[in-house]
Every structure is written in structure tokens, then in C-alpha cells.
Amino acid sequence: MSADPKVLLTDLLQTALKSVAPELAATPILLERPKQASHGDFATNLALQLAKPLKRNPRELAGLLLAELPPSKLVARAEVAGAGFINFTLASDAKTAVVREVLARGADFGRGAGKGIKVQVEFVSANPTGPLHVGHGRGAAYGASLSDVLAFAGYEVSREYYVNDAGRQMDILALSTWLRYLAFFGIEIPFPPNAYRGDYVVDMGREMRDAHQDRFAKVTAMQILAGTPGLPPSDRKDDEAKQQREEHLDALIANAKKLLGEDYPWVHGFALNEQLGDGREDLQEFGVRFDKWFSEQSLFDTGLVERAVIQLEKAGHIYLQDGAKWFRSTAFGDEKDRVVQRENGLFTYFASDIAYHLNKYERGFDRMIDIWGADHHGYIPRVKGAIAALGLDPARLDVALVQFAVLYRDGQKTSMSTRSGEFVTLRELRREVGNDACRFFYVLRKSDQHLDFDLDLAKSQSNENPVYYVQYAHARVCSVLDQWGGEAAELAGADLGLLQNERELALCARLASFAELVQDAAAGYAPHQIAFYLKDLAADFHSWYNAERMLVEDEALKLARLALAAAVRQVLVTGLKTLGVSAPESM
RNA sequence: CUGCCCGUAGCUCAAUUGGAUAGAGCACCGGCCUUCUAAGCCGGGGGUUGCAGGUUCGAUCCCUGCCGGGCAGGCCA
């Protein structure tokens, strides 16, 4: 017998449909759980759907369907309501059966059957040029939770971090580190304003000195500055001054490469590994793990970037202009064409990104999800365009945009400038509010919504804090089961027919909707739905807890209630786990 | 100027993807601890879903036009 009432009702309706309107037997049967308890446990709009093609009154059709509906012991009541809905109320046996199922399946309750669909989720992918900040934190929390929800829903998930280890930004970091290192030997030039100025760069310089003494310091300030255009006055903000600063920086990088020679890759690699390692550790502490760290440099090393551009060229989507190679992305809906190879022969970031996505497709993922900061939204048409131009299906790629998080303290916005060096790092945020509150708050909003992150609320150990509210429900169950002291096996045989009051049946209905919710959250890339569900489940539990006692004299009733409590605990644990939040046994 | 996203209770946000009387939390008011954890519960007030049209049995959701806010528009990443 199918334990799933939804499947049963679908079958019953199918039968009724065939006899009422055989020509429309293919009409999809939608069953939803009404928001209002008075509308029963399930409702269908089938009659409303049929009304138009049959040109008949929906309420009348609903009545005909009801008349043809085969009877079932699990259905206590079925009635026409509203504009033509059919509402079903389940027999209480059918409602409470879920408790036994939760206890039997344990951590697997709610898990979707394997779909055999391979999904890759790429997220964070921050430049390893400094500490992760609170914006990356949201991408990390969202990506990790989404991945876990997808995996739990039955997809084969691969979590990936794209490491931008090639390109100018890394050179700037290497230069910055070297300059800080040199300062320890009294070799100093004015520190470029557009280089990386954070304290962590000074720390890396110090580490270099401690490990290698003056090995990289056999130069003079004069040599480093040789041939550079110099810096314009710091108060000049015009375009010409900005450009001169960039040229100055590039000249310094060129000098560093020349002066360090074979040591330059060492310095570059040192800075990269330090920052990448720091980020990896940061994320690991945050409960965020990746299956693969994909190197951008490897795309150049294996010649894939070149191959990707050649492939586009062969397909006729590349043209030459002003000495550069342009991809005709306007042919694929982009606003303007984009350069893939510069006049100086260097490939653009876009070129390696095309290669990266080509590589993803070649690895055979059925679906790919890129999680980007919302400021990159303009980048979507060109990437999808390039994928289409390569003869691949862009619909297999979804880009999920994550809006910025704004921190509030004492009702005031806190600054998160990345330039000044006073930006708030993910690590600082985690230390201040704790990993659990961090993870939960980050996914408490739809990802494409701006997030106001209230630091005071996240830290408060009070009923205002939704994290504690959910965790507290879990701790309460633990406490009661602990005081009972019996064996879990005793609960499996409890007489669930004794669960009869409204709050108990509501709790059962909530548990029964979990698997469906997981599927919805996965399909909509919406882990926030898990968070809201857990809040609702906790609320149902707290309400029941205050209204009824579990440890009552009546042995059978006690077991039934404890079984329900244990089932609630299991789903709380499962749900919190997908969000990366702990479930403490006492608080 | 152009493109994308957003606009829901005083505040922060949901709304089963087009469903029934639009829901929570905070804030405000009033109750509940000699009984399994009061980090909890129960009750109350609070809305023309930015505005104006359109599509249909039915719109917070889809289409058009305004108003307001955010982001983007490099041979940067």
C-alpha cells in the first residue's frame, strides 16, 4: 500500500476524470496543501481546469467528479468548495502514519529518490587576493545550502570553486606582497594606491622574510621604479590620473618580474597559496566544502582557452577589429560584441570563462548552476551566447544571482568598503555572531533579494532570534526524551491512533509535507524555504508543547506523543543539516 | 540615456510558481511559570500588494505605461 496520500488521491481523481471527461483524461492533476486548515488536507482545482474546454460550470463539474470518485478508507471527507475546488480531509490514521515513517526512515525521511541527474554548482569563486568578506559569505552559505538541498532531493551534486589564479589581479597581489617584504629591509617606494593595501599583505611580507631572509631583497628602490611614469598627486581623481596610476602599477609589475626572474613565480605562488589556503580554512570553519577547486591557469596550460576561441572562429562567430578578436555576442542577444583576445595577444577574462564553461559541458553535467554576485548580471547574455555559439545548449546553465548583504549594527549600516581596508570580513562576522546564526541568517531571504543582516538580532540569545527558536525546539524534544529514558524501539510500535487533538494532527501534516517541500526548494533553488519550514515546524511544536504534556501517566498515550516528538526532532535535525546549522541537545 | 532586478502591515520578510478570507516575526496592547527548558505559549489591533490599465472563472504573480529604489553598461575581474 502506498503510504503517500497524495499518490492515492491522484489515482482516485484519475479514475473519476476518465469517467466524467474521457476526452480530457490527460489533464494534469494538481493537488495542493491548502493554507487554511478549514479547506482540508489536500485540494485540487481539477474542475476549474476542465470548466473552460467543456464550457460547463466548475462547481457542477466538481460535483460530477465527486460522484465518480472511488471510496477510500483513507479519505474521511471530500467536498466541493469555493469556485469549484474539491477539498479532501484525510482520515486521522492516514495523517498520523507519517510518524511511523519518519521513525523508520530516520535521516533518510524526506530524501528524494536518486534522479540520476548530475548537477554542478559553482560558487564563491572569489579572487584569492584577500580575505573573504561578508558578500562572499552569503554566496558561500547560499551555494552550500542549495547544494545540500539538491543532493538531499536526489540530484548528484558537485560543488566547485573557480580559482582566478591567472591574470593581472594576482600579479598585483604578488607585487604588493613583495613590496611589503622589501620594506622590512628598508627598501621602500611609495606604496601604490591601487595595489592591495590590507594588513594581511604586510603579514605575508613578514612571513616571507622569516622564511627566506633577504633572498628576494637584492634590489634597490631605484631599480624597482626604473622606467615607471610616476604617480600623480593623490587628490587627482580624473581619468587621466587614474590611467597613469594603472600604467605605473603595470610598470612596477614588469620590473618585479624582471628583477626577480625565476623567483617571481615563487613569490606569485606564495601569495596565491597563502590567500587560497586562508579562504579554504575560512570556508571550512563555516561548514562550506567543495568537491573541486578548479584552476583558471589550468585552462591556459592545457590550451583550452585557445581551443575555445578557435572553435568559435571556425563557427564564424569571431571577427578582427582594431587588432583584437571580437566575439559576435550581439548575434545571441547581448548588447554589444565582446573582445576575447586583446590587441597585445592576451586573452581576456571572458575568454577563459568561455573555456571554463566549455570544460563544464565536456565533463557531462546535465545541469550547471553558477552563483554570481548580482553586480555581474550583465555578464549572463555573453556567457550564454558563447555557449550557444559553441553549439551547446545554454538552457543547461542557470545563473543564480545573489544580492549584497548589508550589515546593520544599532540600526545603522556598517561600512564594507573594500578599498579602505576596514571592510568586514566573513571571519569577523562569524566570530561575532557565530556560525549557526550566520548560516541561518544568510539563507533567510530569497537569494535575489537584498539582505539586511541585523548583527544585534543574530547575536541576541532571545526569542527574537529565529535560529535559537528552531534549535530550542530541538533541545526541548531532547530534554523530554532524555527524561523519559526509554528505548527508541519502543516508540516505533506506539499506537498513533491516540494522537487526536488538533495540534498533534497539524504537526503530523507539517511533517508529511517535508518531502514535497524539499523538492520545491531544490527545483526553485530556494533553500530559504527550508528555513521557513523549520520555523513553522518549530512553531507547531512549541504550541503543542505548551498545550499538552508528553510524559503523562497513560503509558500508551505517552508513547504516542513521544513518538511524535521524536519524529519532529528527526525532521528538525535533517532540515538544519541541509542549512549547515547545528542541532544542540541542550541550550 | 539604455538594459536587468526589486516595490506586500509602522519595520524585516513569506505566499505551495495563476488559486479560496494575502501570512509570519519584530514593534504595540492584554494574559500564562509550585507541573516535561518562559531562548516558550495564548489572545488583540494593524493591508486599495507603488499607481493606472489589460489578459480570464480567478492576478501579489503574466502583458503595457508611468512613479520610486538598487545594480550594470571596459581590449577590468
Side-chain angles (χ1 to χ4, degrees), chain A residues 30-36 38-39 43 45 47-49 51-52 57-59 81-85 87 126-127 129 164 167-170 246 296 321-326 334-336 338-344 346-350 352-353 373-381 401 403-404 408 411 444-446 448-454 457 460-473 475-484 513 516-517 520 523-524 526 528-529 531-532 535-536 538-539 541-552 558 561-562 565 586-587:
Chain A
L30 301 174
L31 279 165
E32 50 188 31
R33 296 175 188 272
K35 290 181 250 196
Q36 280 185 262
S38 63
H39 293 152
N45 63 350
L48 293 163
Q49 288 190 76
K52 194 173 197 179
N57 181 318
R59 280 194 68 100
F85 292 93
N87 292 342
N127 280 345
T129 52
N164 296 119
R168 181 165 179 263
Q169 294 306 316
M170 273 310 304
E246 296 304 320
E296 179 189 6
Q321 187 180 306
D322 303 329
K325 279 185 186 173
W326 295 71
D334 198 5
E335 292 176 346
K336 51 182 290 191
R338 311 289 175 175
V339 170
V340 289
Q341 193 171 13
R342 292 194 272 262
E343 194 180 0
N344 62 13
L346 294 178
F347 288 104
T348 59
Y349 174 88
F350 180 41
S352 47
D353 227 20
D375 54 333
H376 284 64
H377 66 80
Y379 204 73
I380 299 173
L401 298 175
Q403 291 281 354
F404 295 117
Y408 283 82
L444 208 46
R445 301 283 171 262
K446 275 194 295 210
D448 57 358
Q449 292 275 11
H450 288 275
L451 169 65
D452 287 340
F453 197 122
D454 186 334
L457 178 59
S460 78
Q461 306 215 339
S462 76
N463 53 350
E464 297 172 25
N465 194 328
V467 191
Y468 292 115
Y469 185 80
V470 175
Q471 291 181 324
Y472 187 49
R476 274 182 152 175
V477 179
C478 289
S479 172
V480 174
L481 288 175
D482 198 47
Q483 286 172 52
W484 169 57
S513 69
E516 220 172 302
L517 174 98
D520 287 350
H528 77 275
Q529 290 186 356
F532 278 92
K535 278 168 58 174
D536 289 341
F541 174 76
H542 286 310
S543 176
W544 177 53
Y545 180 95
N546 273 273
E548 309 289 343
R549 261 187 89 75
M550 285 171 246
L551 299 176
V552 291
K558 179 168 75 180
R561 287 183 172 167
L562 289 173
S586 67
M587 293 174 71

Per atom distances to the A:E335 side chain, the nearest of B:G73, B:C75, B:U12 is B:G73

- Query: How is A:E296 classified with respect to the nucleic acid when contacts are heavy atoms under 4.0 Å: base, sugar-phosphate, or nothing?
  - Reply: nothing

Rounded to whole Å, CD of A:Q403 lies from C1' of B:C4 at a distance of 10 Å

Which of B:C36, B:C71, B:U17 is nearest the side chain of A:Q529? It is B:U17

Closest of B:G19, B:C75, B:A14 to the A:H528 side chain is B:A14

Task: A:E246 side chain reached by A:R168 side chain, heavy atoms, under 4.5 Å - done: yes

Contact class for A:A51 vs. all strands (heavy atom < 4.0 Å): base, sugar-phosphate, or nothing? nothing

Ring-base stacking, A:F85 with B:A20 (5.5 Å, 30° cut-offs): yes

Would you tell me if any nitrogen or oxygen in the side chain of A:R476 comes within less than 4.0 Å of OP1 or OP2 on B:A38? yes

Quick note, A:L48 side chain, CB onward, closest among B:G74, B:A77, B:C57 is B:C57

Measure distances between side-chain N and O atoms of A:N87 and base N and O atoms of B:A20, and say whether any donor-acceptor pair falls under 3.5 Å. yes

Review point. Does a distance-only test, which skips hydrogens and angles, find a donor-acceptor pair under 3.5 Å between the side chain of A:H377 and the base of B:C5?
Key: no

Notebook entry, point to check: Counting any heavy atom closer than 4.0 Å, what does A:N45 reach on the DNA or RNA strands: base, sugar-phosphate only, or nothing?
Noted result: base

Regarding the side chain of A:Q36, the nearest nucleotide among B:C57, B:C5, B:U21 is B:U21

Of the listed B:C75, B:A72, B:A77, the closest approach to the A:D375 side chain comes from B:A72

Here the distance between atom C1' of B:A15 and atom NZ of A:K446, to the nearest Å, is 9 Å

Looking only at B:A14, B:A77, B:G70, the nucleotide nearest the A:H450 side chain is B:G70

Of the listed B:C57, B:U37, B:C41, the closest approach to the A:K52 side chain comes from B:C57

